[in-house]
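Below, chain A is the first sequence line, B the second, and so on; all start at residue 1. Both backbone and side-chain heavy atoms feed into the values below; hydrogens, waters and symmetry mates do not.
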There are 2 protein chains.
Amino acid sequence: MARTRTQVDRVFDALGDPTRRAILERMSKNPIRASQLVKPLGMTLAGVVQHLQVLEACGLIHSRKVGRVRTCRIEPKGLTLATQWLADRQAQWERRLDALADLLDDEDDASTSE
Amino acid sequence: MARTRTQVDRVFDALGDPTRRAILERMSKNPIRASQLVKPLGMTLAGVVQHLQVLEACGLIHSRKVGRVRTCRIEPKGLTLATQWLADRQAQWERRLDALADLLDDEDDASTSE
DNA sequence: CGCATAGTCAAGCGTTTGCTTTAGTAACGA
DNA sequence: TCGTTACTAAAGCAAACGCTTGACTATGCG
């Protein structure tokens with residue numbers, strides 16, 4: 001049974017590849033055309049485009065074709081999705097630590113009264 | 001030449017797998033033993049341990065063995081590393097948009113005087 | 001028009017990944 | 001002490017992934 005992949009799944013999957021992160025780093029400075037990534041990434045245009053497709057499919061970038069040129073830019077909402085997931089985990093963990101601290105405090109109180 | 005993988009590389013690589021994210025979700029609620037993940041994840045203990053090794057190698061979790069039991073907990077610093085990378089990209093992109101907005105404002109000023 | 005540029009599409013290929021199985025070690029519990 | 005539990009280590013395998021090549025379409029330009 002192939003479980004339905006959520007958008008968070010696809011976003012983190014996309015971010016898991018170093019080449020795609022390199023693309024995002026460049027794009028966070030400026031929008032860019034596919035062909036402009038060929039030389040810096042040291043791969044063929046076809047390879048670059050495949051990465052761009054992954055990034056666009058999960059909502060991390062947006063692209064628009066004008067004439068024969070496809071220009072891509074960052075889609076901040078995609079990044080937010082990932083940030084949110086991480087923040088949730090971190091918050092949950094810290095909530096746990098707080099609860100634990102409270103518990104220990106109570107035990108200290110109890111022990112001091114013994 | 002295999003380029004030296006940074007810790008950020010390894011963290012995002014680890015986060016790219018849905019099973020490992022599921023592990024982190026559970027662990028953000030409570031520390032957990034390897035064997036406790038076998039049933040919920042529907043895989044062998046050996047498989048679980050391999051995921052735990054990846055998570056520990058990149059600093060997303062910490063584990064300690066007491067007797068024959070290995071207990072694992074979230075390592076918030078690892079999460080912070082990922083969050084930071086995302087925040088940097090987002091900040092850079094928004095800085096760009098601001099600069100662009102300023103530029104357009106200037107052009108508006110110019111055009112109104114035509 | 002004729003040629004170069006920019007991208008698309010599909011097939012193929014080597015490597016990596018996620019998992020299993022098998023075999024082993026060490027600790028706990030009756 | 002004996003059996004069970006909890007993990008570790010290594011080998012193997014199918015599927016997924018990243019990338020290339022080759023063929024094609026469409027746009028821009030002298």
Side-chain angles (χ1 to χ4, degrees), chain A residues 1-27 30-58 60-73, chain B residues 1-27 30-58 60-73:
Chain A
M1 205 189 333
R3 80 167 34 228
T4 356
R5 294 177 70 72
T6 66
Q7 202 188 346
V8 180
D9 273 326
R10 279 180 278 118
V11 165
F12 274 107
D13 186 56
L15 290 171
D17 181 83
T19 304
R20 284 193 287 265
R21 286 199 304 282
I23 291 176
L24 289 177
E25 289 192 21
R26 286 199 159 248
M27 245 175 236
N30 283 299
I32 201 166
R33 296 186 279 151
S35 56
Q36 290 180 297
L37 289 164
V38 171
K39 200 181 285 183
L41 294 179
M43 74 174 66
T44 61
L45 179 60
V48 169
V49 168
Q50 280 166 24
H51 282 301
L52 293 177
Q53 280 168 353
V54 173
L55 289 169
E56 182 153 29
C58 72
L60 279 169
I61 69 172
H62 173 83
S63 83
R64 169 180 285 257
K65 196 166 182 177
V66 177
R68 58 180 170 173
V69 174
R70 181 171 294 278
T71 311
C72 308
R73 57 167 176 75
Chain B
M1 207 186 332
R3 80 167 34 231
T4 356
R5 294 177 71 72
T6 66
Q7 202 188 346
V8 180
D9 272 327
R10 278 178 279 118
V11 165
F12 274 108
D13 186 56
L15 290 171
D17 181 83
T19 304
R20 284 193 286 267
R21 287 198 305 283
I23 292 176
L24 289 178
E25 289 192 22
R26 285 197 160 249
M27 246 176 237
N30 284 300
I32 201 166
R33 297 186 277 150
S35 56
Q36 290 179 297
L37 289 164
V38 171
K39 200 181 288 183
L41 294 179
M43 73 174 67
T44 61
L45 178 60
V48 169
V49 169
Q50 280 166 23
H51 282 301
L52 292 177
Q53 281 169 353
V54 173
L55 288 169
E56 183 153 28
C58 71
L60 279 168
I61 69 172
H62 173 82
S63 83
R64 168 181 284 256
K65 196 166 185 178
V66 177
R68 59 180 169 171
V69 174
R70 181 172 295 278
T71 310
C72 308
R73 57 166 177 75

First encountered from the 5' end of DNA chain D, between B:Thr71 and A:His51
B:Thr71

I want to check one thing: is the phosphate of C:dT5, taken as OP1 and OP2, less than 4.0 Å away from some side-chain N or O of A:Arg33?
no

Separation of atom CZ in A:Arg68 from atom P in C:dT8, rounded to whole Å:
13 Å

Nucleotide of C:dT20, C:dT8, D:dT20 approaching A:Met43 most closely (side-chain heavy atoms):
D:dT20

Nearest-Å distance, CD (B:Gln50) to C1' (D:dT8)?
11 Å

The side chain of A:Val69 is closest to which nucleotide in this list: D:dC7, C:dA6, C:dG18?
C:dA6

Give the minimum heavy-atom separation between A:Leu55 and A:Ala14, together with the two atoms involved.
CD2-CB, 4.3 Å

Reckon A:Ser35 has a side-chain N or O less than 4.0 Å from the OP1 or OP2 of C:dG7?
yes

B:Leu41 versus B:Thr19, closest heavy-atom pair with distance:
CD1-CG2, 4.0 Å

Counting any heavy atom closer than 4.0 Å, what does A:Ala46 reach on the DNA or RNA strands: base, sugar-phosphate only, or nothing?
base

Send over the distance from B:Leu45 CG to C:dA23 C1', rounded to a whole Å.
14 Å

Counting just side-chain N and O atoms, does B:Thr44 come under 4.0 Å of either OP1 or OP2 of C:dT22?
no

Between P on D:dC7 and CD on B:Gln53, what's the gap in Å once rounded to a whole number?
12 Å

Whole angstrom is fine here: how far is it from NZ in A:Lys65 over to C1' in D:dT27?
9 Å

Can a side-chain donor-acceptor contact be found between B:Arg64 and B:Thr71 if the only test is distance below 3.5 angstrom?
no

Give the rounded distance in Å between these two atoms: CD of B:Gln36 and C1' of D:dC7.
14 Å

Classify the nucleic acid contact of B:Gly67 as base, sugar-phosphate or nothing, counting any heavy atom under 4.0 Å across all strands shown.
sugar-phosphate

Starting from P on D:dC17, measure out to CG on A:Asp13 and report it in whole angstrom.
6 Å

Nearest-Å distance, CG (B:Leu41) to P (C:dT20)?
10 Å

Tell me whether B:Arg70 at atom CZ has more than 12 heavy atoms from other residues, nucleotides or ligands lying less than 6.0 Å away.
yes

For A:Cys58 versus A:Gln7, what's the shortest heavy-atom pair and its separation?
O-NE2, 3.0 Å

